[in-house]
Amino acid sequence: MSAVATAAERSTGRVEDQGLLFEYTIKLVLFVGFFELVLYRLVSRLGMHISKIAAQHEWVGTIFQLLTSVGFALLNVVAIFVFLALVVLLVNRARAKGITGLNAVTIPSVALLLILTVSFLIVPPAMLGSIAYNVVTLIALTALMLEYLSQQQEWSKRVMGAVYYFGISGWLYYQIFSTAYGWMGVIAAPPFVYEANRLGEALMVLASILVFWAYGRGVSFRTRNRQQRRRAIWFGAVSAVVFFGLLFMDYFLGLYNPVLANSIRKAGEGISWIFQMGMGYTFYLPFAFYVAGLLCWSYTVIRLVTMGRLAGYGLALMFIAGYALLFSSLTLMVVLGVMLLTLDRPKGAVTEQAAVTRPPIVGTQESLVGGQI
């Protein structure tokens, strides 16, 4: 088999194409990262929210302390595996493509991000270090997203990628300029910093919904396959009922029982506080949009991961990291997720590329006659 055919086979977008070490590493990153999100960033905030109940029942506080300790340990574990996965991808990328084109920006910026992460473990970063870290992150994400957009032929994937990029950039803009103004001692708020933060959150929610449009092609009402059509009907019906039910729930509950509606509003404020502290979502949009994004993202990720697609792992990590990248491991998780999206290739496109670049039979015979291997 020729080197071109081998390279084409390794670019089909499946996780096992990147080697056994990377395959098990990225699976552990996804598994551990999900439980870190649940046990540390969400459950620990829930424990702070129900402190009164924990004061009355000692066993409740003990359970939450145990879960928080496990979640904090998982945070360190996922940071190690994300670091390892990024190192493997950088080495593979440098060997396959070299430091040319966008790789001349991507590889040095991601490598610098890893170096800064290790350095800040030894010497805690000050404001200037935090600014530099976020600027390098923005440069790396910009280069990776430009590469992703240049590879995609479908507008759905381009739109989804662009919306996610501008969404996460809203948080980075907020962090960079807020920290810069604090470092310079300026009391006034930076221009459009709060507007960018809120717009970024809205775009992140929109991106989680567009994920289904871009990659969730397993659900279609036009297919002749009865099983797929039945699945599409069930998914569409359940999603519509949940979305419109949550969208108008407060209004109908207010008409039915104002006291019950007020209690549910307070519960919703508690949920929004937990997610704001854990993932950065303030829930200023109607709650139904967040649930719609969760449903679309969950279905698409589960479908792609079961198929072994790199895009499934990438999308999972990009949204598990959340909107507020409060830890360096979350920032690296977003960079790793976007890198996985750039490696994902439709099998048909790779086959067509291999057929075009394969040398003709006549040329192969001439090279054999000439004694060249």
Side-chain angles (χ1 to χ4, degrees), residues 36-37 40-42 44-45 48-49 72 75 79 82 105 109-110 112-146 161-208 269 271-285 289-290 293 317-338:
E36 178 272 327
L37 166 65
Y40 183 68
R41 282 186 278 158
L42 298 183
S44 62
R45 271 67 178 184
M48 296 168 59
H49 190 65
F72 183 75
L75 177 65
V82 167
V105 179
S109 58
V110 176
L112 179 58
L113 204 60
L114 295 176
I115 294 173
L116 290 176
T117 302
V118 176
S119 302
F120 290 158
L121 292 176
I122 302 174
V123 180
M127 286 187 176
L128 187 59
S130 178
I131 296 171
Y133 194 85
N134 288 317
V135 169
V136 174
T137 301
L138 185 59
I139 294 174
L141 287 177
T142 302
L144 287 170
M145 191 54 65
L146 288 175
V163 170
Y164 178 85
Y165 169 76
F166 286 111
I168 203 68
S169 297
W171 166 259
L172 294 174
Y173 175 86
Y174 172 80
Q175 285 292 99
I176 292 172
F177 283 92
S178 297
T179 308
Y181 271 50
W183 176 61
M184 294 184 297
V186 180
I187 301 178
F192 305 107
V193 67
Y194 297 110
E195 292 81 359
N197 189 25
R198 289 214 160 193
L199 178 61
E201 178 180 343
L203 291 177
M204 286 286 289
V205 175
L206 177 60
S208 64
E269 292 176 358
I271 294 175
S272 66
W273 182 83
I274 294 170
F275 276 87
Q276 181 178 4
M277 296 295 294
M279 301 184 70
Y281 293 111
T282 62
F283 280 60
Y284 77 94
L285 296 173
F289 290 99
Y290 295 92
L317 296 179
M318 288 160 59
F319 288 94
I320 284 177
Y323 178 57
L325 307 179
L326 300 176
F327 306 108
S328 58
S329 60
L330 302 180
T331 302
L332 296 180
M333 193 180 294
V334 170
V335 174
L336 175 60
V338 179

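Atom set for the values below is all heavy atoms of this structure, side chains included, hydrogens, waters and symmetry mates excluded.
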ask   = Asn197 versus Tyr323: any side-chain heavy-atom pair under 4.5 Å?
value = yes
request  = Enter the distance from Trp171:CH2 to Thr331:OG1 here, rounded to the nearest 0.5 Å.
outcome  = 9.5 Å
request  = Working to the nearest 0.5 Å, report the span between OH of Tyr165 and CG of Leu144.
outcome  = 10.5 Å
Any Leu325 side-chain heavy atom under 4.5 Å of Ile168 side chain = yes
inquiry  = I need the Leu141 CG to Leu113 CG distance, nearest 0.5 Å.
reply    = 8.5 Å
note = Minimal heavy-atom distance between Phe177 and Pro190, with the atoms involved, is O-CG, 3.5 Å
remark   = Residues Leu75 and Ser329: closest non-hydrogen pair is CD1-OG, 3.5 Å
ask   = If we only count heavy atoms from C-beta on, is the Leu138 to Gln175 side-chain gap below 4.5 Å?
value = no
ask   = Does the side chain of Phe192 reach to within under 4.5 Å of the side chain of Leu199, using non-hydrogen atoms?
value = no
message = Under a 3.5 Å threshold, yes or no: a donor from one side chain and an acceptor from the other, between Thr117 and Tyr133?
response = yes
task = Examine the side chains of Tyr173 and Glu195 and answer whether a donor and an acceptor come within less than 3.5 Å of each other.
result = no
message = Could you report the tightest heavy-atom contact between Ala140 and Val110, atom names first, then the distance?
response = CB-CG2, 4.1 Å
request  = Could you check if a side-chain atom of Arg41 sits within less than 4.5 angstrom of a side-chain atom of Leu330, using non-hydrogen atoms only?
outcome  = yes
key: Atom CZ of Phe166 with >12 non-hydrogen neighbours under 6.0 angstrom   = no
note = One should read off an interatomic distance between Leu285 CG and Tyr290 OH, to the nearest 0.5 angstrom, of 4.0 Å
message = For the CE atom of Met204 and the CE atom of Met318, what is their distance to the nearest 0.5 Å?
response = 7.5 Å
query = Would you say the side-chain atoms of Glu201 pair up with the backbone N or O of Thr282, donor to acceptor, closer than 3.5 Å?
reply = yes
remark   = Between Val105 and Ala143, the two heavy atoms sitting closest are CG1-CB, 3.8 Å
task = Run the ring-centre check on Tyr164 versus Phe319 and record whether the distance is less than 6.0 Å.
result = yes
key: Pairwise distance OG(Ser208) to CZ(Phe289) - rounded to 0.5 angstrom   = 11.0 Å
task = Could you check if a side-chain atom of Ser178 sits within less than 4.5 angstrom of a side-chain atom of Val193, using non-hydrogen atoms only?
result = yes
